[in-house]
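Shown next, in structure tokens, is the structure this report addresses.
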Amino acid sequence: MATERYNPRAAEPRWQKAWDSAKLFEARNDDPRPKYYVLEMFPYPSGRIHIGHTRNYTMGDVVARYKRAKGFNVLHPMGWDAFGMPAENAAMQNKVHPRDWTYGNIAAMRAQLKVMGLSIDWSREFATCDVDYYHRQQMLFLDFAEKGLVTRKTSKVNWDPEDMTVLANEQVIDGRGWRSGALVEQRELTQWFFRITDFSQDLLDALDRLPEWPEKVRIMQQNWIGRSEGLLIRWPLEQSTAPAGESELEVYTTRPDTIFGASFMAIAGDHPLARKAAAENPALAAFIDGIRRQGTSAAALETAEKKGFDTGIRVVHPFDPHWALPVYVANFVLMEYGTGAIFGCPSGDQRDLDFANKYGLPVIPVVMPEGEDPATFQITEEAYVDDGVMINSRFLDGMQPKQAFEEVARRLSVVAVGNRPMAERKVNFRLRDWGVSRQRYWGCPIPMVHCDACGVVPVPKADLPVKLPDDIDFDRPGNPLDRHPTWRHVACPKCGKPARRETDTMDTFVDSSWYFARFTAPWEDRPTDPAAASDWLPVDQYIGGIEHAILHLLYSRFFVRGMRATGHLDLDEPFRGLFTQGMVVHETYRSADGHWLQPTEVRIETDGAGRRAVEIATGRPAEIGTLEKMSKSKRNTVSPEEITDGYGADTARWFMLSDSPPERDVEWTDEGAAGAHRFLQRVWRLVSGAARALGETVPQPAASGGAGAVSRAAHKALKAVGEDIEKLAFNRAIARIYELTNVLTGPIGDIEDADPAMKAACREAVSILTHLLAPFMPHLAEECHATLGGRRMVAESPWPQYDPALVVDTQITLPVQVNGKKRGDLTIARDADQGEVERAALDLDFVQKALEGRKPRKVIVVPQRIVNVVA
RNA sequence: GCGGAUGUGGCGGAACUGGUAGACGCGCUGGAUUUAGGUUCCAGUGCCGAAAGGCGUGGGGGUUCGAGUCCCUUCAUCCGCACCA
């Protein structure tokens, strides 16, 4: 039968328009149905939609369309993470205003996204650089400040010399700026901070209440927060050696049990005691200077020698007034962690051991593996870090390290140094406060004013927004707001005298820390409608890249806590379900002379012997390289347009979700895309053929025989696909749809001669198939649905319900094993009891043969699963 | 160093709580249809073997009637964090 090929280029825009005019995807806040909020991490408007974006949004769209069909009030919005450096770089390079560049990119990318046929509520779209958005962000900042969640402090910051801005710890990767790649320097600056550390414990505890987050992400956040329990010990200084005014050294340790193994103290170069000592000791000052210049990259740290310098200061051991220990300044002690001072126990820590060996310090073993002889147990080159039994530790001898910890804590907590206990228990976190000041133009201005008389004064809410000035120059690096002739000059809101605006703008991670809440009521003139935000949130399914496992997700979790404290919503956590999807990767190709070739520049030839690549332009063989994340440098990119122009959006959507599980990388191949398109055309032939042959066949109860098989296949697929989508197992759902299509191909080919029951079963089955396809290939599904005479659009139709009676078989085929090896099958009624199954199995020829007349020793019947005859 | 994964045909991958390993797709082989094809349809496709049969989920061992799945051990690859006291 001759069928027109399905033409996606005609059909897809038509259906997109139909969905649009019916406003099918616009969510209403007053809709009484249960809500479902599905969100993909919003894109940075770089200029082009990348194929990775497409995969991400398609996953969210499948969920959104499925949930909508299941009767939920679905919120599926889209916006733009639009502030940031690239806009300024473009301004510097191309003399284009960051605003124009950004909004131009947004327009281009929005058009690209629309081609994909995503079921997005575009009425809620915004960009974080919209004044409407950052205005409300400034309101939040002031509310946070009022609640004490914002502080201003001088601290050592990571300074990116290329971008001329401060970076958060999280933005320093291997000692380099996450964006510029420049080596980061340390500088002392006064900065704005969000007090995320106020929530350290809660941010940690609440991870256990996020069962729908990947384990990996929760562990990464746990490690990042880095909680440890230990003891803060105040070591008295030997007064004759101490700088004036210093009497003790505070040390944080998680191993107080090893205190009798201590042989030195080490403090950071920035430690106050080190500074004081250096003031009187030029050689020490020079040493500390050297530490500051030392690289902080991972490689530098790896190879950097552990170096120390004896300050001459001595501390007294807390348990022995006659035991003095030297205080070194050491290059491996961090001022930022704990107290910036440690005690070194060489026998229990490899780094301390190396240090002790280098400087000839004593090595006293204090923990020994169970069963060793304390008289002979020695530590020379390798520290013993495992559990064991205490030795050489006076009153701790014989204890487990855990008991020893408690004993030391107990004894020291009752001894006083001055008016404080010599030691107290302390919980320590690795997490630092979040520095949000950026010396950039294209960001949300921090709504603060500096007045010589009044100090730092918040901009009154009535005076918001603090708008970015339009007239700016990018002829020099640095912050253009600083150089603007007028913008920074403002009257002090308090005293009215001339004052200066804060010229720092906020880290763009602030923008993305609450956008999901703004989507719930983007029209509000306050940051949120607290009721709407609390109703819609948490996001039921959040989908994005693993690269945001720490930064964005942790900041958002903090923001929700801050917004709750300031009354903007009532919510524990922003994202109930989190899914981190894999990347789209592609083979790489190199020409004979070694330069990278684009996929469009090579032709792949395949035969029994394998695959070869040929450079089209030269006809010479090209080398097929490894799979890589698509990148400009390797030239292995495929653009969404290339695919949609050729095959249409449905094919692209289908291919990206088939085969590979969504959390893994998917390899883009031409063969795969072509295969997906073949399937699309096959479905169209099948459904349109069925529609023509069946006309208005009235569905009637499926009968037995072939019609029953068709019905059962359809209902089984219906059940399975729904369950797979719920689990985000898109590849499995797609395999199910293929299976159903394979089952239907035969019967529908012969449909002209079929009986009415078969016709009815096929009619129902193709209708089910259409609904199953709809989340994945929504345009094709609409076309099929219309061809079948569907009244409404699929996008506004409910998900069909499967018939429970049709998803179980009455006859089942059990594998029959003899001695654990499969020898054949047994077809029997599903509800046959164990005895029947056993008798029938023993009657089977191949079982008889295998038994050779012997009685079986045992017959194992697992109902509805397997029979195993043990001979 | 610490933490986390992953390992199944030529390839991507299925296999729910221990129960027919390889669903589904790609590729490949053979055949049919078509003016032709990069179309469509049919059949085949884990490995060895003519067959009977045997062997098969990174390697080795174990538990079990039965192991891809559980336990021990080992190897390989990938990812994250990392001078954190």
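Chain naming here is simple, since letters A, B, ... match the order of the sequence lines and numbering starts at 1 in each. As the structure is a prediction and not an experimental result, all values here were calculated from the model.
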Apply side chain to side chain contact (heavy atoms under 4.5 Å, CB included) to Ala713(A) and list each qualifying residue two or more places apart in sequence or on a separate chain.
Leu740(A), Val743(A)

Considering just the side-chain nitrogens and oxygens of Asn731(A), establish if one lies under 4.0 Å of OP1 or OP2 belonging to C24(B).
no

Indicate whether OP1 or OP2 belonging to A15(B) is found under 4.0 Å from a side-chain N or O atom of Arg732(A).
yes

Sequence neighbours excluded and cut-off under 3.5 Å, please list the side-chain donor-acceptor pairs for residues 545-554 of chain A, or say none.
| from | atom 1 | to | atom 2 | distance (Å) |
| --- | --- | --- | --- | --- |
| His552(A) | ND1 | Ser512(A) | O | 3.4 |
| His552(A) | ND1 | Ser556(A) | OG | 3.4 |
| His552(A) | NE2 | Tyr542(A) | OH | 2.7 |

Take atom C1' in U57(B) and the same atom in G18(B), then report the distance between them in whole Å.
15 Å

Determine whether a donor-acceptor pair (one donor, one acceptor, N or O, separation below 3.5 Å) exists between the side chain of Arg865(A) and the base of U17(B).
yes

Could you tell me which nucleotide pairs with C81(B) by Watson-Crick or G-U wobble geometry, both distances under 3.5 Å, or answer none if nothing does?
G1(B)

What is the nucleic acid contact for Thr254(A), judged by heavy atoms within less than 4.0 Å: base, sugar-phosphate only, or nothing?
sugar-phosphate

Taking any heavy-atom pair under 4.0 Å as a contact, classify Val333(A): base, sugar-phosphate, or nothing.
base

Using the C1' atom as the point on both nucleotides, what is the distance between U45(B) and U33(B), in whole Å?
23 Å

Determine the Euclidean distance between corresponding P atoms of G12(B) and U6(B); express it in Å to zero decimal places.
16 Å

For G60(B) and A67(B), measure between their C1' atoms and round to the nearest Å.
16 Å

Mate of G30(B) across any strand shown (Watson-Crick or G-U wobble, both atom pairs under 3.5 Å) is C42(B)

Would you say Tyr252(A) reaches A85(B)'s phosphate, i.e. side-chain N/O to OP1/OP2 under 4.0 Å?
no

Check: Tyr589(A)/Glu587(A) side-chain N/O donor and acceptor closer than 3.5 Å
yes

When both hydrogen-bonding distances must be under 3.5 Å and the geometry is Watson-Crick or G-U wobble, what is G37(B) paired with, if anything?
none

Protein and nucleotides 40-43 of chain B: nitrogen or oxygen contacts under 3.5 angstrom:
| from | atom 1 | to | atom 2 | distance (Å) |
| --- | --- | --- | --- | --- |
| U40(B) | O3' | Arg685(A) | NH2 | 3.2 |

Determine the Euclidean distance between corresponding C1' atoms of G46(B) and G22(B); express it in Å to zero decimal places.
7 Å

Give the ring-plane orientation class for Trp235(A) versus Phe343(A), where under 30° counts as parallel, over 60° as perpendicular and anything between as tilted.
tilted

Does CD in Gln811(A) sit with more than 12 non-hydrogen atoms of other residues, nucleotides or ligands closer than 6.0 Å?
yes

Glu739(A) versus Thr741(A), side-chain donor and acceptor atoms under 3.5 Å
no

At under 4.0 Å between heavy atoms, how does the protein contact nucleotides 2-7 of chain B? Give one character per nucleotide, 5' to 3', with B, S or -.
-SS---

Using whole Å, report how far NZ of Lys822(A) lies from P of A15(B).
19 Å

Using the test side chain to side chain contact (heavy atoms under 4.5 Å, CB included), find all partners of Arg603(A) that sit at least two apart in sequence or belong to another chain.
Glu605(A), Val614(A), Ile616(A)

Partner of U64(B) by Watson-Crick or G-U wobble geometry, both contacts under 3.5 Å, or none?
none

Salt-bridge criterion met for Asp724(A) and Arg732(A) (N-O under 4.0 Å):
yes

Sugar-phosphate, base or nothing in reach of Asp349(A), heavy atoms under 4.0 Å
nothing

What is the pairing partner of U20(B), taking Watson-Crick or G-U wobble pairs with both distances under 3.5 Å in any strand?
none

Taking atom types as modelled, find out whether Tyr738(A) and Ser658(A) have a side-chain donor-acceptor pair closer than 3.5 angstrom.
no

For Gln817(A) and U64(B), give me the distance from atom CD to atom C1', rounded to whole Å.
12 Å

Distance-only donor-acceptor pairs under 3.5 Å for side chains of residues 661-669 of chain A, two or more places apart:
| from | atom 1 | to | atom 2 | distance (Å) |
| --- | --- | --- | --- | --- |
| Asp665(A) | OD1 | Met583(A) | N | 2.8 |
| Thr669(A) | OG1 | Gly672(A) | N | 3.0 |

Mind checking who G49(B) pairs with, Watson-Crick or G-U wobble, both distances under 3.5 Å?
none

Taking only side-chain N and O atoms of Lys821(A), does any of them lie within less than 4.0 angstrom of OP1 or OP2 on G19(B)?
no

Pairing of Lys426(A) and Glu229(A) as salt bridge, 4.0 angstrom limit:
no

Within the 4.0 Å heavy-atom criterion, would you say Glu671(A) contacts the bases, only the backbone, or no part of the nucleic acid?
sugar-phosphate

Taking atom C1' in both G56(B) and C48(B), what distance in whole Å separates the two?
10 Å

